[in-house]
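First comes the structure, then the notes that go with it.
Each chain gets a letter, A, B and so on, in the order its sequence line appears, and its residues count up from 1.
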Protein chains: 2
Amino acid sequence: MADINLDTAGKPATDRLAAGHDAPDEIVALIELLFFAYRDFVSDPDHILDNYGFGRAHHRVIHFVGRNPGMHVAELLDILRITKQSLSRVLRDLIDKGFVYQREGSRDRRQRLLYLTPEGSELHGRLITPQIARIRSALGDIDTQTSEAFREALFAMIDQDDRHHVLSLIGDAGKPPA
Amino acid sequence: MADINLDTAGKPATDRLAAGHDAPDEIVALIELLFFAYRDFVSDPDHILDNYGFGRAHHRVIHFVGRNPGMHVAELLDILRITKQSLSRVLRDLIDKGFVYQREGSRDRRQRLLYLTPEGSELHGRLITPQIARIRSALGDIDTQTSEAFREALFAMIDQDDRHHVLSLIGDAGKPPA
DNA sequence: AAATTTATGTCAGCCATATTGACATATTTT
DNA sequence: AAAATATGTCAATATGGCTGACATAAATTT
């Protein structure tokens with residue numbers, strides 16, 4: 001934690017001059033807070049995943065399949081914004097190790113519907129627990145309105161044309177902003 | 001955008017049963033919103049970086065050095081939470097291509113103080129512009145209180161023992177929560 | 001019925017980013 | 001003078017992303 005040699009003790013003005021940008025400090029603060037919040041937010045699951053020989057990619061699959069049982073591969077690709085090949089490797093790991101299984105779609109037998117096995121479900125629970133705790137504790141310090149505002153702000157950060165999709169994923173808990 | 005085969009049309013109850021967890025939907029919604037917000041938030045800079053042959057790692061260095069000119073290597077390592085070796089490669093790229101330069105510390109001549117060159121500063125500006133725009137537009141739809149709440153909530157997500165550090169980095173724009 | 005499109009999977013190879021552990025150098029601190 | 005610190009570098013390794021090509025089965029279109 002060594003004390004640092006930031007020659008911009010007072011910050012704002014100095015930085016803006018040095019950088020030569022017209023970046024409003026309150027906004028830049030939000031940019032950095034998002035970075036730090038996300039960094040720490042994923043660190044808890046990361047440690048757990050180590051014990052299984054899995055990585056973040058596996059976590060994402062476990063999470064979305066866990067929350068949307070019967071989801072098919074194309075939908076997962078769309079959510080994760082990765083290629084078929086990238087997903088394929090991760091999915092194979094999860095299936096081989098017995099955390100995810102596939103079933104043929106009944107409506108469309110080309111589709112492979114994805115489900116968590118009991119082991120997968122248990123891991124899902126383990127991974128989400130610290131994240132829930134972190135958010136609870138973060139919002140616990142704050143009032144309900146803040147929590148609502150947090151949801152709205154995060155939602156508004158998402159690409160316009162993907163918001164309806166996200167809404168359909170997160171369900172009623174993410175009510176459309178008034 | 002193919003319409004999806006989520007067999008949990010109504011969501012909440014079904015999912016919780018299927019997954020077997022006691023995950024409150026409002027909190028899970030926040031978890032997912034954070035994922036989607038971050039995914040889209042970094043996508044703008046990512047596209048720009050492609051044109052320079054740089055990646056996210058380079059962006060992070062450009063950003064923090066740009067905001068904290070004269071920062072030294074150890075501090076950067078602490079912020080990014082990566083190893084010396086990982087930083088080393090990225091830093092070498094940036095120095096070789098003329099976006100960052102180093103100066104010997106005057107107080108401690110072992111230190112290498114980091115600065116952006118004019119080119120680095122220009123790239124910094126290019127990278128941060130869409131991020132500022134995204135946040136402005138996200139908060140534009142919303143009121144000032146919401147913006148404040150957003151800042152508070154993000155801050156509270158950060159690891160307890162790192163908050164003072166983050167505070168010192170983001171300056172007054174991230175006022176300590178009342 | 002035949003042709004086309006779609007959903008998925010897989011192969012081979014590549015690149016970016018991260019890791020560890022060992023070691024070297026210069027400088028500061030004890 | 002010895003120890004600790006700040007940085008840099010080497011070699012080896014792992015993960016997770018990418019592209020492009022190709023294969024199969026099933027659904028859809030003509």
Side-chain angles (χ1 to χ4, degrees), chain A residues 1-6 39 42-43 45-47 49-62 65 70-97 100-114, chain B residues 1-6 39 42-43 45-47 49-62 65 70-97 100-114:
Chain A
M1 202 62 64
D3 231 352
I4 304 309
N5 187 343
L6 299 178
R39 180 196 66 177
V42 294
S43 73
D46 277 355
H47 293 136
L49 290 158
D50 279 347
N51 305 323
Y52 292 81
F54 291 149
R56 261 178 223 183
H58 302 85
H59 182 194
R60 295 194 280 255
V61 171
I62 291 266
V65 171
M71 158 178 274
H72 61 250
V73 171
E75 167 75 341
L76 202 43
L77 287 175
D78 190 46
I79 289 175
L80 302 182
R81 299 264 175 91
I82 57 176
T83 57
K84 202 171 32 163
Q85 185 58 260
S86 299
L87 175 58
S88 168
R89 221 165 353 97
V90 170
L91 206 47
R92 191 104 311 277
D93 287 347
L94 290 170
I95 291 171
D96 287 350
K97 294 196 185 170
V100 169
Y101 69 94
Q102 295 179 312
R103 270 184 8 203
E104 199 172 64
S106 55
R107 202 189 61 194
D108 183 335
R109 287 169 46 224
R110 289 171 306 179
Q111 295 183 333
R112 296 287 170 268
L113 309 188
L114 304 171
Chain B
M1 203 62 64
D3 232 353
I4 303 311
N5 188 343
L6 300 177
R39 180 196 67 177
V42 295
S43 74
D46 277 356
H47 293 136
L49 290 158
D50 279 347
N51 305 322
Y52 293 80
F54 291 149
R56 260 177 225 182
H58 302 86
H59 183 195
R60 295 193 280 254
V61 171
I62 290 267
V65 171
M71 159 178 272
H72 62 250
V73 172
E75 167 75 342
L76 202 44
L77 288 175
D78 190 47
I79 289 174
L80 302 181
R81 300 263 176 91
I82 56 176
T83 58
K84 204 171 30 163
Q85 186 59 261
S86 298
L87 176 58
S88 170
R89 196 183 16 89
V90 169
L91 206 46
R92 190 103 313 275
D93 288 346
L94 290 170
I95 291 170
D96 288 350
K97 294 198 186 169
V100 168
Y101 69 94
Q102 294 178 312
R103 270 183 8 204
E104 200 173 61
S106 55
R107 204 189 59 195
D108 183 336
R109 287 168 46 223
R110 289 171 305 182
Q111 296 184 332
R112 296 287 170 270
L113 309 189
L114 304 171

Name the pairs: protein N/O against N/O of nucleotides 12-15 of chain C, kept only if under 3.5 Å.
| unit_1 | atom_1 | unit_2 | atom_2 | d |
| --- | --- | --- | --- | --- |
| dA12(C) | N6 | Gln85(A) | NE2 | 3.3 |

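- With sequence neighbours excluded, the residues forming a ring pair (Phe, Tyr, Trp, His ring centres under 6.0 Å) with Tyr52(A) are Phe99(A), listed by chain and number.
- Contact check, Thr83(B) against dT19(C): a side-chain N or O comes under 4.0 Å of OP1 or OP2.
- For the pair Lys97(A) and Gly53(A), the tightest heavy-atom approach, listed with the atom from each and the gap, is NZ-O, 4.3 Å.
- At least one side-chain heavy atom of Ile79(B) sits under 4.5 Å from a side-chain heavy atom of Met71(B).
- Distance Asp78(B) CG to dT5(D) P: 15 Å, rounded to the nearest Å.
- Atom CZ of Arg103(B) and atom P of dT7(D) are 15 Å apart (whole Å).
- With rounding to whole Å, Phe54(B) atom CZ is found 19 Å from dG17(D) atom C1'.
- Nearest-nucleotide assignment on DNA chain D puts the 5′-proximal partner with Ile95(B), out of Asp93(A) and Ile95(B).
- One interatomic measurement links the two molecules: NE2 of His72(B) to C1' of dT5(D), which rounds to 11 Å at whole-angstrom precision.
- As a whole-Å value, the separation of Asp46(A) CG from dA18(C) P is 12 Å.
- Nearest heavy-atom pair across Leu80(B) and Arg60(B) is CD2-CB, 3.7 Å.
- Each of dG9(C), dC18(D), dG8(D) was ranked by its minimum atom distance to the side chain of Val73(A); first place goes to dG9(C).
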Worked verdict on Val42(B) versus His59(B) for side-chain contact (heavy atoms from CB on, under 4.5 Å): CA-CA 10 Å; Val42(B) 295; His59(B) 183 195; over 6 Å; no
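- Judged by distance alone, with hydrogens and angles left aside, Arg56(A) brings no side-chain donor or acceptor close enough to the base of dG16(D) to form a pair under 3.5 Å.
- Across the protein-nucleic acid pair, Lys84(B) atom NZ and dT20(C) atom P stand 12 Å apart, rounded to whole Å.
- Contact annotation: the side chain of Val61(A) never approaches that of Leu114(A) to less than 4.5 Å [non-hydrogen atoms, C-beta and beyond].
- Protein atom CG of Leu77(A) is 16 Å distant from nucleotide atom P of dT6(C), rounded to whole Å.
- Put simply, NE2 on His47(B) is 15 Å from P on dG17(D), counting in whole angstrom units.
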Sequence-aligned protein contact record of nucleotides 24-30 of chain D, with B where the base is within under 4.0 Å of a protein heavy atom and S where only the sugar-phosphate is: -BBS---
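- In plain terms, the two heavy atoms of Leu76(B) and Val65(B) that are nearest each other are CD2-CG2, 4.0 Å.
- Checking the phosphate oxygens (OP1, OP2) of dT8(C), no side-chain nitrogen or oxygen of Gln102(A) falls inside 4.0 Å.
- When each of dT10(C), dG17(D), dT9(D) is scored by its nearest atom to the side-chain atoms of Arg92(A), the top-ranked nucleotide is dT10(C).
- Of the candidate nucleotides dG17(D), dG16(D), dT9(D), dG16(D) has the atom nearest to the side chain of His58(A).
- When all heavy atoms of Arg81(B) and Arg39(A) are compared, the closest pair comes out as NH2-NH2, 3.2 Å.
- Proximity of Ser86(B) to the phosphate of dT19(C): a side-chain N or O atom is located under 4.0 Å from OP1 or OP2.
- Atoms CZ and CD1, on Arg112(A) and Ile95(A) in that order, are 10.0 Å from each other to the nearest 0.5 Å.
- Closest non-hydrogen pair, Val90(A) versus Ala57(A), comes out as CG2-CB, 3.7 Å.
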